[in-house]
Amino acid sequence: DVCSSDLERQAEQGAVTFEKFYKFMNLKYGKNALEKLFNSKATDKEKVAKIDSYWKEYINNKKIRTNHLNQKKIKYD
């Protein structure tokens, strides 16, 4: 049915997004950065704030990379 296939597609896209975010964190903050944050003595509120900060940085990095690629494409068109 259409609903379940849409949900499956959303779930797959979410998994891909998480994997990219996880790789970004490991490159930017070191191997197993997310695990280290979860296992740290920081409060849950501090952990959420840190993840929000990492997520914003990931999104900004993604936008910069996309803009850079679009500019290169324009130069070659």
Side-chain angles (χ1 to χ4, degrees):
D1 108 325
V2 175
C3 281
S4 64
S5 65
D6 287 344
L7 292 175
E8 288 171 6
R9 210 168 320 160
Q10 287 177 340
E12 179 61 30
Q13 184 57 42
V16 169
T17 299
F18 177 79
E19 188 173 314
K20 289 178 181 179
F21 174 62
Y22 185 80
K23 285 180 181 179
F24 170 81
M25 285 188 59
N26 284 341
L27 287 171
K28 179 87 177 174
Y29 299 103
K31 188 175 180 182
N32 299 320
L34 190 58
E35 289 91 339
K36 289 175 184 176
L37 176 61
F38 284 142
N39 292 323
S40 74
K41 292 183 179 183
T43 66
D44 286 348
K45 186 175 181 178
E46 292 169 328
K47 291 175 186 179
V48 169
K50 192 59 104 171
I51 291 170
D52 283 344
S53 171
Y54 292 162
W55 179 255
K56 287 176 186 167
E57 197 170 348
Y58 167 74
I59 294 299
N60 286 335
N61 182 272
K62 190 175 168 184
K63 286 178 186 175
I64 290 167
R65 285 184 23 236
T66 300
N67 288 340
H68 181 71
L69 291 174
N70 287 340
Q71 287 174 355
K72 279 187 171 184
K73 185 177 179 183
I74 292 168
K75 289 178 185 177
Y76 294 116
D77 284 348

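It should be emphasised that the depicted structure is a prediction, and the values quoted were computed from it without experimental measurement.
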Check: residues 32-44 side-chain donor-acceptor pairs under 3.5 Å, at least two apart:
from	atom 1	to	atom 2	distance (Å)
Glu35	OE1	Tyr22	OH	3.1
Glu35	OE2	Tyr22	OH	2.6
Lys36	NZ	Lys31	O	3.3
Asn39	ND2	Glu35	O	3.1
Ser40	OG	Leu37	O	2.8
Ser40	OG	Ala42	N	3.3
Thr43	OG1	Glu46	N	3.0
Thr43	OG1	Glu46	OE1	3.3

For Thr17 and Tyr58 the tightest heavy-atom approach is O-OH, 4.0 Å

Using a 3.5 Å cut-off and no angle test, enumerate the donor-acceptor pairs between side-chain atoms of residues 49-56 and protein atoms at least two apart in sequence or in another chain.
none

Between the CD atom in Gln10 and the CD atom in Glu8, the distance rounded to the nearest 0.5 Å is 11.0 Å

Sorted by chain and number, sequence neighbours left out, salt bridge (Lys or Arg N to Asp or Glu O under 4.0 Å) with Glu19 holds for Lys23

Using side chain to side chain donor-acceptor pair (under 3.5 Å) as the criterion, list what pairs up with Lys62, not counting sequence neighbours. none

Are the side chains of Glu57 and Asn60 in touch, meaning some heavy atoms are under 4.5 Å apart? no

Tell me whether Phe18 is reachable from Leu7 by hopping between hydrophobic residues (I, L, V, M, F, W, Y) whose side-chain heavy atoms are closer than 4.5 Å. no

Verify the cluster assignment for Leu27 and Phe21: are they in a single hydrophobic cluster under the rule of side-chain heavy atoms below 4.5 Å apart? no

